[in-house]
Amino acid sequence: MNPERTWWKNAIVYQIYPQSFNDTDGDGVGDLAGIIERLDYLDDLGVDVVWLNPVYESPHHDDGYDVADYRAIREEYGTMAEWEELLAGLHDRDMRLIMDLVVNHTSNEHEWFQASRTDPDGQYGDYYIWRDGTPAEAATDSPGPADRAPPNEWEAAFGGPAWAWDDEREQFYLHLFHEQQPDLDWENPAVREDVYELMNWWLDNGIDGFRLDVINLLSKPASFAGRDGSAIDDCVGGPRLDEFLAEMAAETYDDYDAMTVGETPNVGVEEARRHTGPDGPFDMVFHFEHMDLDYGEEGGWWELRDVELPELKEVLTRWQTQLDEGWNALYFGNHDQPRVVSRFGDDKRYRRESATLFATLLLTLRGTPFVFQGDELGMRNYPFESLDEQEDAMIVGRVTEAIERGDVASFEAVKELVRERSRDNARTPMQWDASERAGFTTGDPWLPVNPDYETVNAAAQRADPESVLAFYRRLIRLRDETPALVYGDYELLLPDHESVFAYRRVLDGEELLVVLNVDDEASSVDLSVDDATRLLGNYDEPTDTTALRPYEAAVYRR
Ligand code: NOJ
């Protein structure tokens, strides 16, 4: 299912993290009414599709990725009636809505899990992955009773073992993420049917597609014994994955004009080609190869590493050129990643220039671009001073465990790392204006507002034609008007250049040239652009086209 030209290839997607978008009732948490209030802002920006992070009923141990009821809206966010109003408001403005589908796991408060733990022989007894574990000598840091060891030594993504002991059922259950996020057992056909039913329920309610959370983890290995290390790494692309995904597509969205984007950790371009090609289950997938570049070779996530530009070019170029009939989902930030301008740009002296440079990269590559809320303002990482200021289950879980184990002496020892890695960097409230609490709320915001809000905010940028926001608008218009930017072939120029990222996009004789100086110093290149028309740039028209200024970005037509 990958037609040559279609609406979801042309679309610009805007990701809304509802908790931090706009609060209308003063409880410090964003809400659906807040999104409705800002629909014209999105329309003005040129957004075609909104991806809404989970808004379902949830105890929020992992910010909504622990769903307690798939058919109900979290009370803090509003009501189903407001959700319908939001959908209608989007559709009225020719925008579409995709919902986040989290079905690798549920919340432990979901009624399926509650029934599963209290009634092993009942209808939901086999909905989760329950095991007795093995008899063991007392193992001090293992979950469960002293004489039982979990089925294996897998580690969960948020720290600690991937197995938790349930006192009621007296068995271990598997959780790849938080202990409060038990994994569903996809081997059980009844689980699959229930999931398809809820997906169809949302499709029948009028949504336009799904973003599918960690969707390549559904099929677990046939045997658990003897496995250790990261549970996620071991579950990626499991034995029955393709079968489950094909069945899911056939039973649900294949019958609708829906857009699907799978979140697929550890996926390589070859698998992505299979997943998104003509016979694949998705339109596109999120891969992580460019996001992992700043992980250390030895220490991985625990080690910060400087990214060399040729490495970034190599990864992006491979994905640009090797997907064949598949399609790219393009992103440099989301609710799980630090802010792009802080991570890959210069968020101090060249904040505006580097934010607009990465916008240019995002919006001129082949694929569907996803803009994360606030990136269109060049929002930056938050200067966290302690772990107490953070809510992110991943950062708190990993760091607390490392301190308890003695692997890390104190928060101070990892402060720099935490500041760079915390997912809360992206989750601080949206900065609407320079009023107190950035116009996000009248109450006490659930996460602190970035102290830079007085200068970095939507109201100030709306009034400024040189702003990051104004540049995003122009860039989105340019992409909308230029099929070569959407469908054109991609060809990398200067592959080994240390600071300049340049490429061509070519379609039906039309040639676009994108030139980006990813550096805080000037660069000199000869790309013979003198005969080309400069369509857009983040500096004034230069007098000398061979000299690029710090973080200069420009798009030419030849
Ligand atoms: C990926 C989501 O984007 C992330 O926020 C979440 O913690 C995990 N999946 C688990 O659902």
Side-chain angles (χ1 to χ4, degrees), residues 13 15-21 30 51-70 74 98-110 113 128-129 154-160 162 164 173-184 186 195 210-218 220 230-236 260-267 282 284-288 290-292 301 329 331-340 370-373 375 390-399 421-428 446-447:
V13 185
Q15 183 191 346
I16 293 188
Y17 193 70
Q19 172 124 308
S20 303
F21 194 63
W51 153 25
L52 204 54
N53 280 106
V55 289
Y56 319 102
E57 192 179 303
S58 159
H60 263 235
H61 291 292
D62 183 23
D63 282 0
Y65 284 92
D66 45 333
V67 179
D69 184 344
Y70 290 97
R74 182 186 184 213
I98 66 173
M99 296 287 279
D100 216 314
L101 182 78
V102 191
V103 290
N104 173 70
H105 43 267
T106 69
S107 158
N108 61 336
E109 292 184 19
H110 194 287
F113 188 75
Y128 296 84
I129 301 172
W154 267 348
E155 290 154 19
F158 297 161
Y173 64 87
L174 179 66
H175 61 93
L176 300 189
F177 294 89
H178 205 281
E179 195 172 326
Q180 275 94 347
Q181 290 169 300
D183 279 53
L184 284 165
W186 273 72
V195 168
F210 291 110
R211 175 265 188 190
L212 301 99
D213 190 62
V214 290
I215 203 67
N216 59 340
L217 303 181
L218 299 182
K220 310 300 191 262
S230 154
I232 287 189
D233 290 352
D234 226 4
C235 291
V236 158
T260 52
V261 49
E263 189 209 25
T264 49
N266 297 8
V267 86
F282 307 124
M284 58 195 108
V285 294
F286 290 125
H287 75 84
F288 288 75
H290 56 321
M291 292 288 115
D292 293 347
W301 181 90
Y331 74 101
F332 291 106
N334 62 34
H335 65 293
D336 290 333
Q337 304 294 339
R339 288 287 176 183
V340 56
F370 287 70
V371 178
F372 179 61
Q373 71 180 43
D375 280 352
Q390 301 181 61
E391 297 283 337
D392 173 9
M394 182 177 86
I395 213 84
V396 174
R398 287 185 184 177
V399 173
R421 294 269 191 254
S422 176
R423 302 190 299 177
D424 283 344
N425 280 310
R427 301 177 179 187
T428 61
W446 76 280
L447 259 192

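Each ligand, and each atom within it, is numbered from 1 in the order the structure gives.
- Within ligand 1, counting atoms from 1 as listed, the ones closer than 4.0 Å to a heavy atom of H335 are 2 (C), 3 (O), 4 (C), 5 (O).
- For F113 and Y128, the ring centers are positioned less than 6.0 Å apart.
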Hey, mind stepping through Y70 and T106 against side-chain hydrogen bond (donor to acceptor under 3.5 Å, both in side chains) and telling me if it holds?
CA-CA 9 Å; Y70 290 97; T106 69; 5.4 Å; no

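- One distance of note links CD of Q19 with CD of E391; it measures 8.0 Å at 0.5 Å rounding.
- At least one heavy atom of R211 lies less than 4.0 angstrom from ligand 1.
- In summary, the atoms of ligand 1 found under 4.0 Å from a heavy atom of H105, numbered by their order in the structure, are 10 (C), 11 (O).
- Considering N334, D213, D336 only, the shortest heavy-atom separation from atom 9 (N) of ligand 1 involves D213.
- Here is the list of ligand 1 atoms found below 4.0 Å of a heavy atom in R427: 5 (O).
- In the model, Y65 has a side-chain atom that pairs as donor or acceptor with a side-chain atom of N53 under 3.5 Å.
- Atom-to-atom distance recorded for E179:CD and N108:CG is 8.5 Å, nearest 0.5 angstrom.
- Here the protein heavy atom with the shortest distance to atom 6 (C) of ligand 1 is D62 OD2, 3.3 Å.
- Below 4.0 Å from some heavy atom of E263 lie the following atoms of ligand 1, by number and element: 1 (C), 3 (O), 9 (N).
- Taking the six-membered ring where the residue is Trp, H335 and F372 present tilted rings, their angle falling between 30° and 60°.
- Interface atoms of ligand 1 facing F158, defined by a heavy-atom separation under 4.0 Å, are 7 (O).
- Among the candidates D233, N216, D292, the single residue satisfying the side chain to side chain donor-acceptor pair (under 3.5 Å) test with N266 is D233.
- Distances below 4.0 Å separate heavy atoms of V214 from the following atoms of ligand 1: 9 (N).
- Counting the atoms of ligand 1 from 1 in the order shown, those under 4.0 Å from a heavy atom of R423 are 4 (C), 5 (O), 6 (C), 7 (O).
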